2 protein chains.
Amino acid sequence: MSSQNPERLVYSHVAELARAFGHEHRLKLLDLMSQGEWSLDELAKRSGISVANASQHLQTLRRVGVVTARRAGKNVLFSLADGPVFDAVVAMRALAERNIAEVRLAVTDYFGGLDDMEPVSLDEIRARMRDGNVVLLDVRDEAEYRQGHLPGAIHIASDELEASLSRLPRDREVIAYCRGRYCILSSDAVALLRRNGFRSRRLEDGYAEWKAANRSEASDETTGLRTG
Amino acid sequence: MSSQNPERLVYSHVAELARAFGHEHRLKLLDLMSQGEWSLDELAKRSGISVANASQHLQTLRRVGVVTARRAGKNVLFSLADGPVFDAVVAMRALAERNIAEVRLAVTDYFGGLDDMEPVSLDEIRARMRDGNVVLLDVRDEAEYRQGHLPGAIHIASDELEASLSRLPRDREVIAYCRGRYCILSSDAVALLRRNGFRSRRLEDGYAEWKAANRSEASDETTGLRTG
DNA sequence: GATACATTCAATTGAACAATTGAATGTATC
DNA sequence: GATACATTCAATTGTTCAATTGAATGTATC
């Protein structure tokens, strides 16, 4: 028993939210935070923009309630807020991939690739991990892996992969993953592994999507990957 | 074998897409088109903005591929493009409803309402339509109803409802729906019906959401509502 | 309490966007 | 083919947003 027309109120906020998503740098920052929490300095470094600029974009995201911050020592750590934040990004990405030809082409070009490059889905990897006939390989950097990773995944950062091939089995398929759907690290890793005689494919989605999916499924204990 | 880093390309397009959603008028236009196709004149009238202004916003939406247009007689009819356009709007709305307190309050205030006002879900109505113990009532205007409606729904425009109460049964619950989740017509209709001694509740989502859901479920013949 | 350092604020400049107006285009109908 | 009318284009003005810089704040650590 207060506001008059809810539609206008809702849409003015939705529009504000959409504008908050409407900048490349902010999408990149959200992408980074989908891996865990980071200081401003770290976010600036990883996104390749200045500290002041990153700070302002982060404030924009905080203002609309999609990013939260907490202090830890002398740093403030930024992370995605609770709620379906990443899901909204995913919905926009899905729309872009479906309706914008240039995006569709770039993605299939890069990731859909050759027939035997057919990426593996999260559902598929679940079953195959149970059977134990695959190795899950996380090729993100150390800090990202430490903040969280798929159950049962081993970690070799992409820039150390070539020197660490002996740690990988040749009798099982190596499924590589990285930050998310549009991260090229795992794609490059698969190419490297194949050049060296391994059987390898890419996980279609990455840590970000896995985490978002497991968040939505709340605390349903049966949904995570199991190492066996 | 063309573009370098797909991430930046994807995100620049996603950002453009997000900005296209980032205006109240455009969200309203998308809302209207979620009911069907309309001429520019009709869209301007229904959204309450000038024809020239509506045209420009529609061009913005066409440019990013979320709206299409076809000529019919002396009018151009605008409609949502194929693909998960409405789904993206829904994801943003869900985020706003969850993360922005003002929105959450306004919505529960208006639609969540009293205990026995508990809105009915699309899933629930499916089962109850089969049992035949409810009447589905579409209170949108004639033109909207004609462009498409839920299977089995009867139509009484909201501004004719009070004069047409005799057409409704008193021994079954009347489930009213309108354009979508944030449309107040069905909410008002429920209030009117209750004042006149009917048992009545509101469908939580409206035609837009139903149509989007049935579109996603492709041509799965088992998913629509059945009249019996 | 003083220092160091991470983050935020404030002020500036340039660029992009929103709305309005009036003219121009293009298609149907006569 | 001429006319009527729906839609789009072009030009304008005011507003909002992006990025940079340098100063200011605030918290941890010594």
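Below, chains carry the letters A, B, ... as their sequence lines are ordered, and counting in each starts from 1. Source: prediction; values computed, not measured.
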(Q) Would you say CZ of A:Arg8 has more than 12 non-hydrogen atoms from neighbouring residues, nucleotides or ligands within 6.0 angstrom? (A) no
**Q.** Any donor-acceptor pair under 3.5 Å from B:Gln35 side chain to B:Gln147 backbone
**A.** no
Q | Intra- and interstrand pairs of DNA chain D - dot-bracket, Watson-Crick/G-U under 3.5 Å, | marks other strand | A | ||||||||||||||||||||||||||||||
Q) Thinking salt bridges, do A:Arg93 and A:Asp87 make one under a 4.0 Å N-O criterion? A) no
Q) Do the side chains of B:Ile125 and B:Leu203 get nearer than 4.5 Å, heavy atoms only? A) yes
(Q) On a heavy-atom basis, which atom in B:Leu29 and which in B:Ala54 lie closest, and how many Å separate them? (A) CD1-O, 4.2 Å
Q) Are any non-hydrogen side-chain atoms of A:Asp205 and A:Trp210 less than 4.5 angstrom apart? A) no
Q. Considering heavy-atom distances to DNA chain D, does B:Gln59 or A:Ser50 have its closest nucleotide positioned more toward the 5' end?
A. B:Gln59
Q: Go through DNA chain D in 5' to 3' direction and return only the first and the last nucleotide with some atom under 4.0 Å of chain B's heavy atoms.
A: D:dC5 to D:dA10
(Q) Please classify the nucleic acid contact of B:Gln56 as base, sugar-phosphate, or nothing, using heavy-atom distances under 4.0 Å. (A) base
Q.
Check this for me: A:Glu160, atom CD, are more than 12 non-hydrogen atoms of other residues, nucleotides or ligands nearer than 6.0 Å?
A. yes
Q: Under 4.0 Å from any atom of DNA chain C, heavy atoms only: list the residues of residues 17-38 of chain B that qualify, in numerical order.
A: B:Arg19, B:His23, B:His25, B:Arg26
Q. Mapping A:Ala72 and A:Thr60 onto DNA chain D by nearest heavy atom, which one lands closer to the 5' end?
A. A:Thr60
Q. Looking at A:Phe111, is A:Arg202 sitting on its ring face, NZ or CZ under 6.0 Å from the six-membered ring centre and within 45 degrees of the normal?
A. yes
Q. In terms of side-chain geometry, is the basic nitrogen of B:Glu209 or B:Arg179 positioned less than 4.0 Å from the acidic oxygen of its partner?
A. no
**Q.** CZ/B:Arg46: more than 12 non-hydrogen atoms of other groups inside 6.0 Å
**A.** yes
